[in-house]
Number of protein chains: 2
Amino acid sequence: MTARPTLADVAAHAGVSASTASLAFSGSGPVSDATKERVLAAAAELGYAGPDPRARSLRRGRSGIVGVVLEERVRSAFLDPVKIRTLDGIADGIAPLGAALLLLPFTGGESEGATIEDAPVDAVVLIGCSPRVEHSLEILRRRGIPTVAIEGGPTGDDVPDISIDNRDATRRGAEHLRGLGHRDVGVVTLPFDAERTSGPVDAALEARASTQVTIERLQGARDVYPEAPAVAAATSSIEDGRLAALLLLADASGRALPAEARPTAIIAQSDLLAAGVIHAAEELGMTVPGELSVVGFDGIRVDGLRHDLTTLDQPSTDKGRAAGEAVVRLLAGEPATSLAFTSTLHIGDTTAPPAR
Amino acid sequence: MTARPTLADVAAHAGVSASTASLAFSGSGPVSDATKERVLAAAAELGYAGPDPRARSLRRGRSGIVGVVLEERVRSAFLDPVKIRTLDGIADGIAPLGAALLLLPFTGGESEGATIEDAPVDAVVLIGCSPRVEHSLEILRRRGIPTVAIEGGPTGDDVPDISIDNRDATRRGAEHLRGLGHRDVGVVTLPFDAERTSGPVDAALEARASTQVTIERLQGARDVYPEAPAVAAATSSIEDGRLAALLLLADASGRALPAEARPTAIIAQSDLLAAGVIHAAEELGMTVPGELSVVGFDGIRVDGLRHDLTTLDQPSTDKGRAAGEAVVRLLAGEPATSLAFTSTLHIGDTTAPPAR
DNA sequence: ACGGGCGGTCGAATCGATTCGGGCGGCTCG
DNA sequence: CGAGCCGCCCGAATCGATTCGACCGCCCGT
């Protein structure tokens with residue numbers, strides 16, 4: 001009795017065949033109530049905890065698990081509210097499947113453990129864009145695993161991509177600033193590459209950029225302000241937003257630049273970055289939006305920020321949910337198509353006409 | 001050729017037996033380089049993506065997946081930096097296993113999908129304490145799945161519990177305040193129960209409290225200030241901390257109470273709550289620590305907070321790592337024991353002698 | 001009273017890989 | 001030159017459950 005009992009043991013104990021016992025558990029198939037009850041009683045008596053999920057998934061061909069590839073360290077992904085909302089949406093979208101989420105580590109390659117190369121998943125959602133998406137897609141395609149990408153950049157026809165209007169939305173934010181009269185506008189961008197190079201954005205950095213979202217949003221800003229100086233943040237966080245903003249607003253000694261030498265508005269590529277920009281401005285003694293207008297992106301509620309941020313409200317949760325629903329459709333054998341969501345400009349109290 | 005090739009197909013294509021092909025893939029066992037290469041070549045030619053993880057895990061008896069039960073909605077867990085750090089630590093601790101993390105939904109009961117009742121996991125880590133832990137433990141014990149709890153309260157001998165000195169640590173924080181001369185101290189607590197009842201803490205609420213951590217930390221404060229008024233926050237967030245603090249510092253109309261009618265210090269049961277307390281104080285025109293001292297708990301760096309919070313630095317990541325290591329030991333058949341970590345009082349710039 | 005129909009149960013094949021014992025050559029050493 | 005040994009590969013059993021087709025009474029209609 002040391003080993004865990006198997007379905008066969010239960011069946012024997014109940015005096016039925018294994019197949020009948022199986023039917024009694026799965027509920028599908030014709031089994032008389034009396035028999036079912038006897039099987040259940042035998043199971044209880046033997047301490048049988050239900051069919052082994054491993055064996056079941058081998059036979060059924062499905063594991064009931066959906067993988068999520070975060071494309072970066074689990075840790076940093078957890079710090080990004082947008083990713084969290086997206087995860088939340090995915091969980092919601094796949095709810096009808098009753099599947100659990102398996103967090104797959106970034107596809108570094110030589111990590112020895114469970115990766116997309118070798119995980120018992122029925123489908124996978126790739127979040128975020130990076131050069132690795134391509135590689136990941138290849139593996140998944142070879143394994144024949146239905147895949148959905150979120151902001152995955154160009155994927156094949158077989159992989160639906162859920163995205164938003166990054167460029168267009170940012171352009172609308174920039175046009176809002178232009179409408180207010182701003183002429184000198186700076187940009188604080190998300191990371192450009194996997195190395196998270198931070199600092200002023202020059203042609204060289206732009207050239208080797210590998211993060212689709214960053215590029216698209218920068219293009220949107222450049223559509224209105226072609227000459228806008230940009231500074232890349234190392235991560236999408238308040239602190240890195242603050243550091244990036246200081247490069248636009250202060251001199252090397254940390255003193256605020258004279259009003260005519262600094263931008264009157266900053267477009268931040270995420271709300272966390274925008275919050276950091278506001279902190280930097282206030283730290284330098286500037287008022288927001290009096291002396292500096294700030295536009296964010298995402299539409300998250302930054303915990304602790306006491307401003308109603310002007311931002312581009314993106315439906316992160318909806319994106320995740322759409323990805324989850326696409327997964328459900330793919331698993332049902334139905335086609336799923338790419339989908340682009342639209343962000344809406346939310347005008348808060350962090351933008352106003354420039355002082356000069 | 002529409003179906004995915006199996007190991008047997010590859011073996012046939014390479015002109016070897018299935019067993020040899022298996023050895024060629026797993027690397028273990030004596031296989032000549034020539035044969036191995038031929039098998040790999042055949043695999044490449046057939047588009048074979050490696051052994052099916054389902055079959056492998058059935059045979060091997062291990063799935064390479066460790067489940068994590070968050071005991072609350074995935075969404076809210078993601079918003080708690082301590083949980084995230086803990087997850088991070090777990091990921092680190094189980095790294096030698098090369099296992100992936102499976103997020104299991106709170107054990108609500110009637111959720112139909114993958115739960116701890118039915119998930120292909122080799123081990124499980126239960127995070128957080130709630131009345132449900134008991135139920136979860138029962139299921140896992142029956143399934144014979146090695147389990148480790150974090151702040152799980154009283155578990156059996158077979159389930160190691162990783163915890164910290166909640167009561168003692170809070171007491172030390174309170175003693176620090178007493179040493180500074182504070183006599184009127186308020187407490188902002190974590191939620192008391194699954195319903196997240198918020199507002200002033202009375203005997204009734206305390207009686208039906210089900211969250212171990214909240215109670216222990218409150219006891220620690222009461223050890224020094226038996227009469228301290230307490231207000232429960234709905235969640236561990238800056239905003240709810242702010243709301244709770246307002247109940248201690250302001251009257252119904254939102255105006256600050258006169259200095260002699262309000263506490264000179266507030267003990268918050270988490271750093272997020274503490275940040276909210278500071279926001280509330282500043283909003284009411286009080287200075288920190290001049291007119292209000294604030295002590296937090298956790299020792300996270302609150303993104304955007306411009307104070308060096310006096311807090312009880314708890315090793316969240318270490319806790320997670322210890323849990324992960326306990327999992328590794330359990331899976332290796334070695335015994336793993338409960339472990340209590342110690343928090344250290346970090347004295348920042350948010351505590352000072354009271355003004356009066 | 002007899003044949004068809006049907007609900008309920010059982011046998012056996014199957015899912016795909018792993019693993020262990022055995023066997024077959026070839027090489028080495030006496 | 002022969003026996004022994006070793007390296008490499010194969011066969012077959014196994015992991016535990018699911019599922020499809022077969023089978024067997026029993027009930028009902030005529």
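Every chain is numbered from 1, with letters handed out A, B, ... down the list of sequences.
- Distance alone, capped at 3.5 Å, is enough to place a donor-acceptor pair between the B:Arg4 side chain and the A:Arg143 backbone.
- Side-chain atoms of B:Arg38 do not come within 3.5 Å of backbone N or O of B:Gly15 as any donor-acceptor pair.
- Protein atom CZ of A:Arg62 is 18 Å distant from nucleotide atom C1' of C:dT14, rounded to whole Å.
- Across the protein-nucleic acid pair, A:Arg4 atom CZ and D:dC15 atom P stand 13 Å apart, rounded to whole Å.
- By the 4.5 Å heavy-atom criterion applied to side chains, A:Leu140 and A:Val159 are not counted as neighbours.
- Taking atom CG on B:Asp9 and atom C1' on C:dC15, their separation rounds to 13 Å, with Å as the unit.
- The backbone N or O of A:Ser63 sits nowhere less than 3.5 Å from a side-chain atom of A:Ser57 that would complete a donor-acceptor pair.
- Residue B:Ser32 is classed as a sugar-phosphate contact, given heavy-atom separations below 4.0 Å to backbone atoms only.
- For the pair B:Arg38 CZ and D:dC10 P, the computed distance is 8 Å after rounding to whole Å.
- Taking atom CZ of residue A:Phe25 and atom P of nucleotide D:dT18, one finds them 9 Å apart after rounding to whole Å.
- Among the heavy atoms of the strands lying under 4.0 Å from A:Pro30 is at least one base atom, whether or not backbone atoms are also near.
- Set against D:dA12, C:dC10, D:dA17, the side chain of A:Leu7 has D:dA17 as its closest nucleotide.
- Between B:Tyr48 and C:dG16 there is no side-chain N or O to OP1 or OP2 distance below 4.0 Å.
- Within 4.0 Å of A:Thr35, counting heavy atoms only, lie sugar-phosphate atoms of the nucleic acid but no base atom.
- The side chain of A:Arg59 sits closest to D:dT18 out of D:dT18, C:dC10, C:dG8.
- The distance between atom CZ of A:Arg143 and atom C1' of C:dA17, rounded to the nearest whole Å, is 14 Å.
- Taking atom CZ of B:Arg56 as the reference point, atom C1' of D:dG16 lies 18 Å away to the nearest angstrom.
- Side-chain contact between B:Pro120 and A:Ile65: present, with at least one pair of heavy atoms (C-beta onward) separated by less than 4.5 Å.
- Using a 4.0 Å heavy-atom cutoff across all strands shown, A:Thr6 reaches sugar-phosphate atoms only and no base atom.
- Comparing B:Leu58 and B:Lys36 against DNA chain D, the residue whose closest nucleotide sits nearer the 5' end is B:Lys36.
- When the nucleotides D:dC9, D:dC15, D:dT19 are ranked by their closest atom to the side chain of B:Val31, D:dC9 comes out on top.
- Within the structure, every side-chain polar atom (N or O) of A:Ser19 is placed at least 4.0 Å from both OP1 and OP2 of D:dC20.
- The two residues B:Arg54 and A:Asp122 have their closest heavy-atom pair at NH1-OD1, 4.0 Å.
- Set against C:dT19, C:dG16, C:dG11, the side chain of B:Leu23 has C:dT19 as its closest nucleotide.
- Among C:dA17, C:dT19, D:dG11, the nucleotide with an atom closest to any side-chain atom of B:Pro51 is C:dA17.
- In terms of position along DNA chain D, the nucleotide closest to B:Asp33 lies nearer the 5' end than the nucleotide closest to the other residue of the pair B:Asp33 and B:Ala55.
- Distance from the side chain of A:Thr20 is smallest for C:dT9 among the nucleotides C:dT9, C:dT18, D:dT18.
- If you measure from atom CZ of A:Arg60 to atom C1' of D:dC15, you get 17 Å, rounded to the nearest angstrom.
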